[in-house]
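Input: a single structure, listed below in structure tokens.
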Protein chains: 2
Amino acid sequence: MKKLDMREKLKNNGMKSTKHRVAILEILIKKDQPVSAENIFFDMQKMDVSINLSTVYRNLEALAEKGLVTKLSLSGDNRSVFEYNKMVHRHYLICLGCKKILAIEHCPIKSYEHQIEDETDYEIVGHKLDLYGYCPKCKKNNPGYQPKNSQD
Amino acid sequence: MKKLDMREKLKNNGMKSTKHRVAILEILIKKDQPVSAENIFFDMQKMDVSINLSTVYRNLEALAEKGLVTKLSLSGDNRSVFEYNKMVHRHYLICLGCKKILAIEHCPIKSYEHQIEDETDYEIVGHKLDLYGYCPKCKKNNPGYQPKNSQD
DNA sequence: ATGATTGCAAACGGTTTGCACCTAC
DNA sequence: GTAGGTGCAAACCGTTTGCAATCAT
């Protein structure tokens with residue numbers, strides 16, 4: 001997506017188009033996986049876009065408010081991560097070794113949700129599924145490692 | 001589970017048995033759902049067990065270290081919650097209205113994990129599935145509400 | 001011109017830590 | 001007696017906020 005398209009997109013969502021917001025969107029779209037506010041902050045410095053960390057947070061919040069960006073908190077890390085919202089339902093595969101996050105688009109949960117709705121009388125509006133494991137590289141370095149809690 | 005059994009359990013896991021630890025286990029077992037450190041702290045005051053919040057954290061960490069307790073961070077809340085580890089695999093159904101957390105023991109994910117292992121060449125060691133929705137009570141108060149991001 | 005956005009520094013809230021004292025074993 | 005547990009206060013770290021200056025429209 002080009003800069004001009006991003007400026008367009010911001011305006012369509014009733015947001016002023018600033019170089020900061022464009023740069024944040026650029027970074028998120030390029031990465032195509034969840035990143036922390038601090039990471040974005042550093043990437044912007046590398047791009048010679050001077051910005052304050054609190055402005056990163058404010059923009060991420062504004063973008064999330066408009067639905068352009070999604071904020072997630074993945075287990076085991078206290079900080080939030082953000083990704084460009086491609087409007088597709090995704091799950092995440094987090095490597096316990098190098099902490100890399102892989103997005104997965106296939107979702108097996110819909111029928112399970114209906115089943116739980118029937119059992120509990122809740123109205124279920126969504127879910128979050130994260131898988132934890134070791135990527136091919138870390139798998140080699142940690143052969144046979146088993147975490148204490150497979151659900152965590 | 002009786003106090004004596006808990007003292008036993010602590011010792012079997014190489015931990016000193018203190019009134020604080022016993023009380024924390026009592027609370028977690030009674031609740032049978034994830035609670036925050038602060039909640040535990042307040043409950044202990046109600047039980048007339050005087051304790052410092054940092055001791056609650058230290059004990060929860062020690063108990064989690066030994067696998068007696070599980071630490072989880074559920075989306076949308078910055079703070080961690082803890083539950084007694086019944087050694088069963090569980091999922092959580094979080095009410096977006098009243099924030100109540102319901103534990104669900106049926107898990108539909110195993111075969112999905114194998115499929116993802118084949119596709120990605122990762123070694124998957126666990127997963128975390130949280131469902132979000134409205135409990136019967138909150139459902140009535142928020143008819144038709146839809147969150148912006150169903151995956152969050 | 002006007003309201004939104006920014007940088008800066010200070011506050012915030014959950015969690016952790018250093019240290020002197022205390023307790024279980 | 002000794003290793004480990006505790007209270008207290010202070011530090012920590014990711015995040016938020018108040019305010020005055022600046023920018024997009």
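Everything quoted here is computed from the prediction, not taken from an experiment. Per chain, numbering begins at 1; letters A, B, ... match sequence-line order.
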**Q.** With sequence neighbours excluded, residues passing side-chain contact (heavy atoms from CB on, under 4.5 Å) with Lys110(A)
**A.** Glu113(A), His114(A)
Q) Between dG14(C) atom C1' and Asn52(B) atom CG, what is the distance in whole Å? A) 14 Å
(Q) Rounded to whole Å, how long is the line connecting atom CZ of Phe41(A) with atom C1' of dG7(C)? (A) 11 Å
Q) Within less than 4.0 Å of OP1 or OP2 of dT6(C), is there a side-chain N or O belonging to Asn59(A)? A) yes
Q: Go through the structure and list residues passing side-chain contact (heavy atoms from CB on, under 4.5 Å) with Phe41(A), not counting sequence neighbours.
A: Gln45(A), Ile51(A), Leu53(A), Val56(A)
Q. Can you check the Met44(B) CE to dG5(D) P distance for me, whole Å?
A. 15 Å
**Q.** side-chain contact (heavy atoms from CB on, under 4.5 Å) partners for Glu61(B), two or more places apart
**A.** none
(Q) Rounded to whole Å, please give me the gap between CG in Leu63(A) and C1' in dA4(C). (A) 14 Å
Q.
Going by the rule side chain to side chain donor-acceptor pair (under 3.5 Å), which residues pair with Lys30(B) if we only count those two or more places apart in sequence or in a different chain?
A. none
Q. If you take all heavy atoms of Glu117(B) and Ile124(B), which pair is closest and at what distance?
A. OE2-N, 2.8 Å
Q.
Using whole Å, what does the distance between atom C1' of nucleotide dG7(D) and atom CD of Gln45(B) come to?
A. 13 Å
**Q.** Contacts of type side chain to side chain donor-acceptor pair (under 3.5 Å), residue Glu38(B), not counting sequence neighbours
**A.** Arg79(B)
Q: Just jot down the side chain to side chain donor-acceptor pair (under 3.5 Å) partners of Tyr84(B), sequence neighbours excluded, or say none.
A: Lys9(B)
Q: Please list residues of residues 26-34 of chain B whose heavy atoms come under 4.0 Å from any atom in DNA chain C, ordered by number; otherwise none.
A: none
Q) Which angle, to the nearest 10 degrees, lies between the helix axes at the two ends of the helix from dA1(C)-dT25(D) to dC25(C)-dG1(D), each defined by five pairs? A) 40°
Q | Given Asn13(A), Asn85(A), Ile24(A), Asn12(A), the one that forms side-chain contact (heavy atoms from CB on, under 4.5 Å) with Leu68(A) | A | Asn13(A)
**Q.** ring pair (Phe, Tyr, Trp, His ring centres under 6.0 Å) involving Tyr112(B) - partner list, sequence neighbours excluded
**A.** His106(A)
Q: Would you mind reading off the distance between Lys66(A) atom NZ and dT5(C) atom C1', rounded to a whole angstrom?
A: 14 Å
Q | Set of residues satisfying side-chain contact (heavy atoms from CB on, under 4.5 Å) with respect to Arg7(A), sequence neighbours excluded | A | Ser17(A), Val22(A)
**Q.** Contact pattern, 5' to 3', of nucleotides 15-25 of chain D - B, S or - by protein heavy atom under 4.0 Å
**A.** BBBB-----BS
**Q.** Side-chain N or O of His20(A) closer than 4.0 Å to phosphate OP1/OP2 of dT5(C)
**A.** no
Q | Any residue meeting salt bridge (charged side-chain N to carboxylate O under 4.0 Å, His left out) with Lys19(B), in chain and number order, not counting sequence neighbours | A | none
